[in-house]
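What you see is a predicted model; the values in this text were computed from it and never measured. Just so you know, ligand 1 is whichever comes first in the structure, and atom 1 is the first atom listed for that ligand. Reckoned from all heavy atoms, side chains included, excluding hydrogens, waters and symmetry mates.
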Amino acid sequence: MAGITRGFTGRPHRPRDARLPPGQYDVGADWPVLTVEVTPHLEPERWTMTVDGLVESPTTWSWGELHALPGSEYAGDIHCVTTWSKLATSFQGVSLDVLLQTARPRPEATFVLATSTTGYTTNLPLTDVTDDKAWLVWSHEGKPLTAEHGGPVRMLVPHLYFWKSAKWITRLTLLDADQQGFWERNGYHDRGDPWAEQRYQGD
Ligand SMILES: Nc1nc2c(c(=O)[nH]1)N[C@H]1C(S)=C(S)[C@@H](COP(=O)(O)O)O[C@H]1N2
Ligand SMILES: [Mo]
């Protein structure tokens with residue numbers, strides 16, 4: 001009824017939180033799980049991370065080797081394309097810059113494809129995972145990352161929609177052309193900037 005809906009078209013009672021990109025809502029303390037595969041339960045001691053493709057030195061790190069690298073933290077927000085955002089959270093791990101310093105991308109490398117142990121993939125421009133914008137993380141708010149949230153190690157690319165943050169990541173392949181991953185082949189955007197609402201192909 002018009003009399004009921006009219007109230008919602010007027011001025012909101014509270015100003016919208018400036019940290020929320022368009023079309024997103026604040027999920028509060030919750031952290032929804034979104035997984036298309038069966039959750040793998042990986043032993044950290046058997047898990048490895050490889051950076052390969054168009055790099056000078058393809059490199060594989062063990063769990064122990066990854067932890068020996070200089071660590072860093074992301075403190076801020078994450079945004080899922082299904083419209084929830086989690087504000088003021090934190091993750092601990094290592095910046096992808098540190099791994100790329102060792103692997104050394106070749107000049108022709110312009111895109112990356114992240115691959116999970118399950119076969120899940122997602123693509124990103126190289127510039128979206130360099131200069132302290134992307135991490136491999138194994139802790140959330142100081143506690144070990146649970147398997148359902150991608151533990152032992154997931155990717156974190158918080159300035160893009162969260163489907164770019166591959167859970168159970170095991171490989172990052174540098175490419176000279178964009179190669180779509182799982183959700184991108186299924187209609188989601190190749191880049192996924194939440195501030196530009198790049199949800200679907202064509203947005
Ligand atoms: N391997 C894998 N990574 C994934 C997904 C997935 O299904 N499998 N889902 C993506 C999507 S759509 C989102 S929103 C986040 C969800 O992470 P969460 O379950 O920890 O909230 O992981 C992303 N990474
Ligand atoms: Mo998502």
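- Ranking the protein heavy atoms by distance from atom 8 (N) of ligand 1 puts Glu37 OE1, 2.7 Å first.
- Between Trp31 and Phe91, the ring-plane angle classifies as perpendicular under the 30° and 60° cut-offs.
- Under the 4.5 Å side-chain criterion, counting only non-hydrogen atoms from C-beta, Ser85 is in contact with Pro21.
- Counting only heavy atoms of the protein, atom 12 (S) of ligand 1 lies nearest to Trp163 CB, 3.4 Å.
- For the pair His159 and Asp193, the minimum side-chain heavy-atom distance is 4.5 Å or more.
- A 4.5 Å side-chain heavy-atom check between Trp63 and His67 finds at least one atom pair inside the cut-off.
- Lys164 does not count as a contact of ligand 1, since none of its heavy atoms falls under 4.0 Å from the ligand.
- In summary, the atoms of ligand 1 found under 4.0 Å from a heavy atom of Thr35, numbered by their order in the structure, are 7 (O).
- Inclusion of Val33 in the set of residues having an N or O under 3.5 Å from an N or O of ligand 1 is not warranted.
- Note that CG of Asp97 is 11.0 Å distant from OG1 of Thr102, once rounded to the nearest 0.5 Å.
- Among protein heavy atoms, atom 9 (N) of ligand 1 sits closest to Leu34 O, 3.1 Å.
- Residue-to-ligand polar distances keep Trp168 apart from ligand 1: every N/O pair is separated by 3.5 Å or more.
- Remark: of the listed residues Gln179, Glu184, Gln198, Glu184 is the sole one forming a side chain to side chain contact (heavy atoms under 4.5 Å, CB included) with Asp190.
- Checking only distances, His149 does come within under 3.5 Å of ligand 1, N or O to N or O.
- Considering each of Cys80, Pro32, Ser116, the one bringing a non-hydrogen atom nearest atom 21 (O) of ligand 1 is Pro32.
- Ring-plane geometry between Trp195 and His79 is classed as perpendicular, the angle between the planes exceeding 60 degrees on a 0 to 90 degree scale with a lower cut at 30.
- Remark: minimum distance from atom 22 (O) of ligand 1 to any protein heavy atom is reached at Arg154 NH2, 3.1 Å.
- Among all non-hydrogen protein atoms, the one lying nearest atom 7 (O) of ligand 1 is Val36 N, 2.9 Å.
- For the pair Gly150 and ligand 1, no heavy-atom separation below 4.0 Å is found.
- The salt bridge (Lys or Arg N to Asp or Glu O under 4.0 Å) test applied to Asp128 returns Arg191, not counting sequence neighbours.
- Considering only non-hydrogen protein atoms, atom 19 (O) of ligand 1 sits nearest to Lys167 NZ, 2.6 Å.
- Atoms of ligand 1 found under 4.0 Å from any heavy atom of Trp31 (numbered from 1 in listed order, with element): 18 (P), 20 (O), 21 (O).
- Using a 4.0 Å heavy-atom cutoff, Trp84 is listed among the residues neighbouring ligand 1.
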Task: Residues Asp77, Lys86; criterion salt bridge (Lys or Arg N to Asp or Glu O under 4.0 Å); working and verdict - done: CA-CA 6 Å; Asp77 314 326; Lys86 186 167 176 57; over 6 Å; no

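- Taken from CD1 in Ile78 to OG in Ser90, the straight-line distance is 10.5 Å, to the nearest 0.5 Å.
- Per-residue contacts place Ser165 under 4.0 angstrom from the following atoms of ligand 1 (heavy atoms of the residue considered): 22 (O), 23 (C), 24 (N).
- The two residues Ala109 and Pro105 have their closest heavy-atom pair at CB-CB, 4.2 Å.
- In terms of protein heavy-atom proximity, atom 13 (C) of ligand 1 is closest to Phe162 O, 3.7 Å.
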